[in-house]
K.L.:
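I am attaching a structure below and will ask some questions about it afterwards.
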Amino acid sequence: MSIFLTMGFEQDTVLVPPWLEQLLHTPFFNVCRIHTDAARSECNMFCLDCNGEAFCFYCRSSRHKDHRVIQIRRSSYHDVVRVAEIQKVLDISGVQTYVINSARVLFLNVRPQPKSGKGVAHICEICGRSLLDPFRFCSLGCKLEGIKKNGDASFALDGRNEELTMDTTSTSRGSVSSRQQEEGLREGSTQDMYPPQPPSNARRRKGIPHRAPFAS
């Protein structure tokens, strides 16, 4: 359901695009029913124009060639999307971003965690998750709940929001980049869609053999 905000005589502005809630509730990484035996058959893509279910690499080539498509990735069994992709269609200001495998990403939905302990400087306004930087939300899902609850944020892209997104991203870049290694450990093992495989002919180098002396 779209959420609208009316300001004076201005035209209604859509705060939440109609495809966002469908994106957040879509299960990803199931095997495609059509391309079951294909090498890249995991359903990790979502079409913003069709607003349907997830699909695989081959479905995109055949049915969504000229559509707006974003690719979902996974970190520690949680769905993430690259900032470079999602910021083209959403104002992501206020959402905590992370640097994982040299790519800046954000999480789609809230992740379960123990309650934040004392001394935590920044927490998510919706779920209370501890944050690395002074952001309001830990994920797109929590920002959506914040919009529904308070109405003081927006996903709509306009000139003002684009500038705000650039400001928050540049402010976070310094603090997060200095903690990339720490964040990688905190998030656990990070898995890309297609992790590189070690060479099949790799062998452990053996030591230099030593022969026993001949008996005299």
Side-chain angles (χ1 to χ4, degrees), residues 3 5 13 15-17 19-21 23-25 28 44 46 48 70-193:
I3 301 176
L5 174 66
T13 302
L15 298 182
V16 179
W19 50 262
L20 180 58
E21 291 196 63
L23 168 67
L24 298 180
H25 290 92
F28 292 97
N44 68 322
F46 185 85
L48 309 185
I70 59 175
Q71 181 177 351
I72 306 303
R73 293 170 170 81
R74 194 160 263 188
S75 172
S76 302
Y77 305 102
H78 295 285
D79 296 336
V80 302
V81 63
R82 286 186 175 179
V83 169
E85 291 186 48
I86 197 66
Q87 69 180 359
K88 297 177 182 178
V89 293
L90 285 181
D91 172 17
I92 60 171
S93 58
V95 181
Q96 174 74 66
T97 62
Y98 301 86
V99 176
I100 300 176
N101 284 3
S102 302
R104 185 172 295 277
V105 303
L106 54 79
F107 287 86
L108 296 189
N109 292 293
V110 61
R111 294 160 289 155
Q113 71 158 12
K115 292 183 178 180
S116 301
K118 295 182 179 180
V120 176
H122 314 294
I123 62 172
C124 176
E125 294 181 6
I126 302 302
C127 70
R129 184 179 184 86
S130 59
L131 304 177
L132 297 177
D133 302 290
F135 288 93
R136 298 180 58 188
F137 310 105
C138 69
S139 63
L140 292 180
C142 281
K143 180 172 181 177
L144 176 60
E145 291 301 315
I147 293 174
K148 291 180 178 181
K149 182 179 179 180
N150 302 316
D152 60 347
S154 172
F155 284 114
L157 281 176
D158 55 33
R160 179 183 60 82
N161 286 332
E162 287 177 355
E163 292 177 0
L164 180 59
T165 301
M166 293 175 63
D167 289 343
T168 55
T169 302
S170 61
T171 301
S172 173
R173 182 177 294 115
S175 57
V176 176
S177 61
S178 64
R179 285 177 286 183
Q180 288 183 15
Q181 185 175 3
E182 177 187 354
E183 177 58 26
L185 294 174
R186 182 176 302 158
E187 291 300 329
S189 59
T190 303
Q191 298 177 347
D192 280 342
M193 267 300 303

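Basis for what follows: all heavy atoms, side chains included, without hydrogens, waters or symmetry-related copies.
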K.L.:
Any sub-3.5 Å donor-acceptor pair from N101's side-chain atoms to A103's backbone N or O?
P.N.:
no

K.L.:
Can any side-chain N or O of K143 pair as donor or acceptor with the backbone N or O of C138 at less than 3.5 Å?
P.N.:
no

K.L.:
Working to the nearest 0.5 angstrom, can you tell me the gap between R136 CZ and C142 SG?
P.N.:
11.5 Å

K.L.:
Work out which heavy atom in L90 is nearest to a heavy atom in P17; give both atom names and the distance.
P.N.:
CD2-CG, 3.5 Å

K.L.:
CZ/F155 to CD1/I147 distance, rounded to the nearest 0.5 angstrom?
P.N.:
4.5 Å

K.L.:
What heavy-atom pair brings L132 and H122 nearest, and what distance separates the two atoms?
P.N.:
O-CD2, 3.9 Å

K.L.:
Can you give me the closest heavy-atom contact between V120 and S130, atom names plus distance?
P.N.:
CG1-CB, 3.6 Å

K.L.:
Indicate yes or no for a side-chain donor-acceptor contact from N109 to the backbone of L24 under 3.5 Å, with no hydrogens or angles considered.
P.N.:
yes

K.L.:
Do L144 and F137 have side chains that approach each other closer than 4.5 Å (heavy atoms only, starting at C-beta)?
P.N.:
no

K.L.:
Spell out, as yes or no, whether a donor-acceptor pair under 3.5 Å connects the side chain of R73 to the backbone of R82.
P.N.:
no

K.L.:
With side chains defined as the heavy atoms from C-beta onward, is the minimum distance between S139 and E145 less than 4.5 Å?
P.N.:
no

K.L.:
Rounded to the nearest 0.5 Å, how far apart are OG1 of T97 and CZ of R104?
P.N.:
4.0 Å

K.L.:
Under a 4.5 Å cut-off applied to non-hydrogen side-chain atoms, are R129 and V110 in contact?
P.N.:
no

K.L.:
Is there side-chain contact between V80 and Y98, with at least one heavy-atom pair below 4.5 Å?
P.N.:
no

K.L.:
Does F28 reach the side chain of L23, with side-chain heavy atoms less than 4.5 Å apart?
P.N.:
yes

K.L.:
Please name the pair of heavy atoms, one in S75 and one in I100, separated by the smallest distance, quoted to 0.1 Å.
P.N.:
OG-CD1, 3.5 Å

K.L.:
Find the distance between CD1 (I70) and CD1 (I72) and round it off to the nearest 0.5 Å.
P.N.:
4.5 Å

K.L.:
Of all heavy-atom pairs between L15 and S154, which one has the smallest distance, and what is that distance?
P.N.:
CD2-OG, 3.4 Å

K.L.:
Under a 4.5 Å cut-off applied to non-hydrogen side-chain atoms, are L140 and I92 in contact?
P.N.:
yes

